[in-house]
Amino acid sequence: MGRASPLLIIFLVLGSSFATYNLVTMIMRYGSSDGVAVDDGALFFDPITEMPDHVKSRKTSKAPFHVALTATDAPYNKWQCRVMYYWYKQQKKLPGSEMGGFTRILHSGNPDNLMDEIPTVVVDPLPAGLDRGYVVLNRPWAFVQWLQKTKIEEEYVLMAEPDHIFLRPLPNLAYGGHPAAFPFFYIRPEQNEKIIRKFYPEEYGPVTHVDPIGNSPVIIRKDLIAKIAPTWMNVSLKMKEDPETDKSFGWVLEMYAYAVASALHGVRHILRKDFMLQPPWDLETNKKYILHYTYGCDYNMTGELTYGKIGEWRFDKRSHLRGPPPRNLPLPPPGVPESVVTLVKMVNEASANIPNWDTS
């Protein structure tokens with residue numbers, strides 16, 4: 001495969017469609033770091049690259065991180081943010097937590113009725129039509145604006161999402177210039193090398209330098225995300241404009257864009273399998289930090305998973321697009337995994353303690 005023209009890199013970074021924003025910076029290599037992985041809290045050699053010696057010595061002092069999640073003003077997003085913020089407050093005050101401040105980055109362009117309940121910064125959405133119906137393209141643009149207009153005291157940032165629930169106090173899993181991220185089984189840069197090479201030319205290194213991650217959850221030093229975010233934004237847009245890439249990556253396109261943008265800056269992530277779990281596929285919450293309820297949970301009354309078919313018992317966030325779920329949701333039947341039971345119990349506790357829960 002031939003070397004990519006330097007004009008391709010300049011085109012990706014500058015993004016002619018964003019000339020009016022004057023926010024996009026030239027891609028610079030930040031300085032490479034080798035990838036490491038962690039399983040159930042124990043560090044081990046990554047199958048691609050060996051852990052660097054200076055990461056083997058664990059940090060001894062606290063390094064608080066700021067929790068930042070992007071959100072819209074849709075009722076569906078609002079109730080998830082309220083649950084997420086409730087559990088952030090519960091876990092932050094417990095021993096072992098390095099959780100600092102909290103910001104909901106609201107990319108609807110206007111304040112909403114949660115401004116007094118959740119610390120919020122309002123930023124602009126992308127210009128009309130630019131996201132092509134793929135609303136998460138607003139996420140990198142929201143981070144670009146937030147990082148420019150807001151000063152936070154913490155050195156690190158956790159990029160989170162509304163459908164995250166903190167299961168226990170979260171320490172800072174990053175180490176210096178090594179951000180921490182969750183490895184997603186469906187993000188496979190090596191299996192998509194032909195497409196990846198459109199945005200990550202050979203001169204930047206092997207495709208294995210593109211980590212199998214998305215932007216969330218990620219704990220990262222704020223100076224690093226400030227460098228990566230404009231590139232992430234433009235790579236996302238260029239991927240969306242490319243029919244082959246858009247068709248192949250679909251709803252995870254923006255996740256691939258973050259992974260590629262990080263690699264373009266020479267940033268590798270510590271891969272933490274204990275960072276997050278995703279019911280109903282992950283069965284237990286033990287030793288995990290975040291519960292991500294992105295998938296629907298459908299079961300019959302004997303506790304058998306009926307995924308792809310609406311169950312006799314179900315919990316699916318998409319069942320509550322127009323407003324919050326009712327308080328005191330029924331618990332799943334016997335035999336359903338502990339992770340799903342915990343999810344429903346935690347949503348129930350949050351809804352029971354949040355005033356005016358039925359507010360859309």
Side-chain angles (χ1 to χ4, degrees), residues 1-5 7-18 24 27 48 70 72 74 76-77 107 125-144 159 161-163 181-218 228-265 269 278 281 292 294-296 307-309 316-318 321:
M1 186 178 292
R3 296 171 67 90
S5 167
L7 290 176
L8 172 62
I9 307 303
I10 295 173
F11 183 62
L12 280 174
V13 180
L14 293 181
S16 59
S17 62
F18 275 86
V24 183
I27 293 176
I48 299 174
T70 54
T72 73
Y76 169 72
N77 242 217
H107 54 74
L126 290 168
L130 199 57
D131 65 9
R132 302 187 183 191
Y134 182 52
V135 68
V136 293
L137 280 186
N138 285 279
R139 185 174 294 156
W141 174 223
F143 269 104
V144 168
M159 294 189 286
E161 297 179 19
D163 59 354
F182 176 78
F184 289 91
F185 70 89
Y186 48 79
I187 302 297
R188 299 168 179 171
E190 289 180 84
Q191 295 184 18
N192 293 281
E193 181 168 4
K194 177 176 176 288
I195 294 175
I196 293 293
R197 283 303 186 194
K198 293 183 178 184
F199 312 95
Y200 186 71
E202 286 184 321
E203 64 197 70
Y204 279 83
V207 171
T208 54
H209 285 180
V210 179
D211 293 325
I213 61 172
N215 82 290
S216 177
V218 168
I228 293 169
T231 309
W232 171 28
M233 178 181 71
N234 279 294
V235 172
S236 296
L237 292 167
K238 291 303 172 187
M239 284 184 172
K240 190 65 179 174
E241 290 172 359
D242 182 76
E244 181 186 19
T245 305
D246 188 24
K247 181 179 179 180
S248 296
F249 290 169
W251 64 274
V252 298
L253 180 149
E254 170 265 343
M255 297 172 69
Y256 270 104
Y258 174 80
V260 168
S262 298
L264 286 169
H265 287 276
H269 295 70
Q278 303 183 98
W281 310 117
H292 183 208
T294 188
Y295 297 107
Y307 195 78
K309 177 183 177 182
D316 188 337
K317 65 180 184 178
R318 295 162 193 85
L321 297 176

First locate atom [atom1] of [X], then atom [atom2] of [Y], and finally report the distance between them rounded to the nearest 0.5 Å.
X: Thr70; Y: Asn77; atom1: OG1; atom2: CG; result: 8.0 Å
X: Met239; Y: Phe199; atom1: CE; atom2: CZ; result: 5.0 Å
X: Arg188; Y: Glu193; atom1: CZ; atom2: CD; result: 16.0 Å
X: Asn138; Y: Thr72; atom1: CG; atom2: OG1; result: 9.5 Å
X: Glu161; Y: Asp163; atom1: CD; atom2: CG; result: 5.5 Å

Residues in side-chain hydrogen bond (donor to acceptor under 3.5 Å, both in side chains) with Asp316, at least two apart? Arg318
Is there a side-chain contact between [X] and [Y], using heavy atoms and a 4.5 Å cut-off?
X: Leu130; Y: Leu137; value: no
X: Tyr295; Y: Gln278; value: yes
X: Trp232; Y: His265; value: no
X: Leu264; Y: Val235; value: yes

side-chain contact (heavy atoms from CB on, under 4.5 Å) between Phe182 and His292, worked out: CA-CA 11 Å; Phe182 176 78; His292 183 208; over 6 Å; no
Provide the closest heavy-atom pair for [X] versus [Y] in the form atom of the first, atom of the second, distance.
X: Asp131; Y: Lys240; result: O-CE, 4.1 Å
X: Pro217; Y: Phe184; result: CD-CZ, 4.4 Å
X: Tyr134; Y: Trp251; result: OH-O, 2.9 Å
X: Pro125; Y: His107; result: CB-O, 3.3 Å
X: Leu253; Y: Thr245; result: CD1-O, 4.3 Å
X: Ser236; Y: Pro140; result: OG-CG, 4.0 Å

So which of Lys194, Lys198, Arg132 actually passes salt bridge (charged side-chain N to carboxylate O under 4.0 Å, His left out) with Asp242? Lys198
Parallel, tilted or perpendicular: which fits the ring planes of Tyr200 and Tyr204, with parallel below 30° and perpendicular above 60°? tilted
Looking at Tyr258 versus His269, is the centre-to-centre ring distance below 6.0 Å? yes
Starting from the C-alpha separation in whole Å, work towards a yes-or-no answer on side-chain hydrogen bond (donor to acceptor under 3.5 Å, both in side chains) for Tyr256 and Asn192. CA-CA 10 Å; Tyr256 270 104; Asn192 293 281; 3.3 Å; yes
Partners of Ala259 by side-chain contact (heavy atoms from CB on, under 4.5 Å), sequence neighbours excluded? Val210, Ile213
Pairs involving residues 249-258, ordered by first then second residue, that meet salt bridge (charged side-chain N to carboxylate O under 4.0 Å, His left out) (sequence neighbours left out): Arg139-Glu254
